[in-house]
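Notes follow the structure.
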Amino acid sequence: QVQLVESGGGLVQPGGSLRLSCAASGFSLDNYAIGWFRQAPGKEREGVACISRSDDSTYYTNSVKGRFTVSRDNAKNTVYLQMNSLKPEDTAVYFCAAEGLTTGQAMCVMTLVAGYGYDYWGQGTQVTVSS
């Protein structure tokens, strides 16, 4: 069965850290660009980071730049989103998505900003930042 499963969400105090995982089954993530998205209650889904398929170049939206890091572990068929210095405004359901056609950072960013064109989506994991 082909699927993406996110994990690692939870409740954390402001300034804390979490590492989200996006694990694939049924296909190899190293052949896919991965986008990380989040959606807070009452807000539109927002693309926060991506890692490209061809050269693992990364992109971060301004609100998370310097605090979030996306990386791959091909041996584990997993992509991670390390989130540091978390703020209450980071509270949201976080999703990962896999896209297997494009290459390079520019296309990674375009697909992330567009929010569509992905082949697979995970079910999401809740991140709550609160004291």
Side-chain angles (χ1 to χ4, degrees):
Q1 183 179 2
V2 173
Q3 62 178 353
L4 282 175
V5 178
E6 300 96 335
S7 61
L11 173 65
V12 63
Q13 292 186 340
S17 298
L18 284 174
R19 188 178 75 162
L20 304 185
S21 299
C22 173
S25 59
F27 67 104
S28 294
L29 276 182
D30 59 354
N31 292 325
Y32 288 78
I34 303 300
W36 280 98
F37 296 82
R38 65 186 180 187
Q39 188 164 22
K43 294 187 176 181
E44 292 188 355
R45 188 178 62 198
E46 174 191 23
V48 297
C50 69
I51 184 166
S52 69
R53 181 168 72 102
S54 57
D55 58 5
D56 284 353
S57 55
T58 57
Y59 165 82
Y60 304 92
T61 194
N62 284 340
S63 61
V64 307
K65 198 174 296 182
R67 300 188 298 121
F68 290 12
T69 303
V70 59
S71 62
R72 295 181 186 271
D73 185 337
N74 291 333
K76 295 183 178 180
N77 208 23
T78 300
V79 172
Y80 301 101
L81 184 68
Q82 178 68 44
M83 307 187 297
N84 298 328
S85 302
L86 283 162
K87 304 175 181 180
E89 51 263 44
D90 295 319
T91 295
V93 177
Y94 283 71
F95 302 86
C96 63
E99 184 276 313
L101 183 63
T102 67
T103 58
Q105 185 189 45
M107 292 306 300
C108 175
V109 176
M110 287 179 61
T111 308
L112 185 77
V113 171
Y116 61 84
Y118 291 91
D119 301 289
Y120 309 109
W121 286 85
Q123 83 291 347
T125 185
Q126 176 71 47
V127 171
T128 303
V129 185
S130 175
S131 55

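Computation of the quantities below employed the complete heavy-atom set of this structure, encompassing side-chain atoms and omitting hydrogens, waters and symmetry-equivalent molecules.
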| task | Determine, step by step, whether Asn31 and Ser28 satisfy the side-chain hydrogen bond (donor to acceptor under 3.5 Å, both in side chains) criterion, reporting the C-alpha distance in whole Å, the side-chain angles of both residues, the deciding distance to 0.1 Å, and the verdict. | result | CA-CA 6 Å; Asn31 292 325; Ser28 294; 4.7 Å; no
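Considering only heavy atoms from C-beta on, Ser130 stays 4.5 Å or farther from Thr91 through its side chain. Between Ser7 and Thr125, every side-chain heavy-atom pair lies at or beyond the 4.5 Å cut-off. Side-chain contact between Cys22 and Trp36 is present, with at least one heavy-atom pair separated by less than 4.5 Å.
A donor-acceptor pair under 3.5 Å links the side-chain atoms of Tyr60 to the main chain of Val70, judged by distance alone. Judged by distance alone, with hydrogens and angles left aside, the side-chain atoms of Asp30 form no donor-acceptor pair with the main-chain N or O of Asn74 at under 3.5 Å. Looking only at distances, no side-chain donor or acceptor of Arg53 sits under 3.5 Å from a matching main-chain atom of Gln105. Proximity of a side-chain donor or acceptor of Glu6 to a complementary backbone N or O of Cys96 within less than 3.5 Å is detected.
Contact check on Arg72 versus Asp56 returns a salt bridge, with a Lys/Arg side-chain nitrogen under 4.0 Å from an Asp/Glu carboxylate oxygen.
The number of heavy atoms from other shown groups lying within 6.0 Å of NZ (Lys76) does not exceed 12.
Geometric assessment of Arg38 against the ring of Tyr94 yields a negative cation-pi assignment under the 6.0 Å and 45° thresholds.
By the ring-ring contact (aromatic ring centres under 6.0 Å, His included) test, Phe68 is found to be paired with no residue, residues two or more places apart in sequence or in another chain being considered.
The six-membered or imidazole ring of Phe27 lies near that of Tyr32, with a centre-to-centre distance under 6.0 Å.
A perpendicular orientation is assigned to the rings of Trp121 and Phe95, their planes being inclined by more than 60° (bins at 30° and 60°).
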